[in-house]
Amino acid sequence: MWILISRLLRRWKMIVLALPLVATVLSRLGNHLERRAGKPTTTSRGLLGISRFARRRAGADDARKRPAGVHRTPDLTRPQE
């Protein structure tokens, strides 16, 4: 019985502590790649998608409401299509 409780506690700690950290790192890396390339790339979209998934699994509420890359500042030098 103690083994089951210990396993559940470890899993809970990992979800509560590690997933938000991983999601933040992946989100920043994806946004950095988009800024460097000047447009969304396959890699940056993948990283932002994994970040959103990790935030949803961790229970972060704003990840469900905000699509990837919304917090980025728009590039006003490029003409809007």
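- The line from NE2 of His32 to OG of Ser44 is 11.5 Å long, rounded to the nearest 0.5 Å.
- Residue Leu19 holds its CG atom at 14.5 Å from NZ of Lys13, rounded to the nearest 0.5 Å.
- The hydrophobic cluster containing Leu47 also includes Val22, Leu26, Leu29, Leu33, Ile50, under a criterion of side-chain heavy atoms closer than 4.5 Å among ILVMFWY residues, counted directly or through chains of members.
- The nearest pair of heavy atoms linking Ser27 to Arg55 is CB-NH2, 4.1 Å.
- In this structure Arg28 satisfies the side-chain contact (heavy atoms from CB on, under 4.5 Å) test together with Thr24, sequence neighbours excluded.
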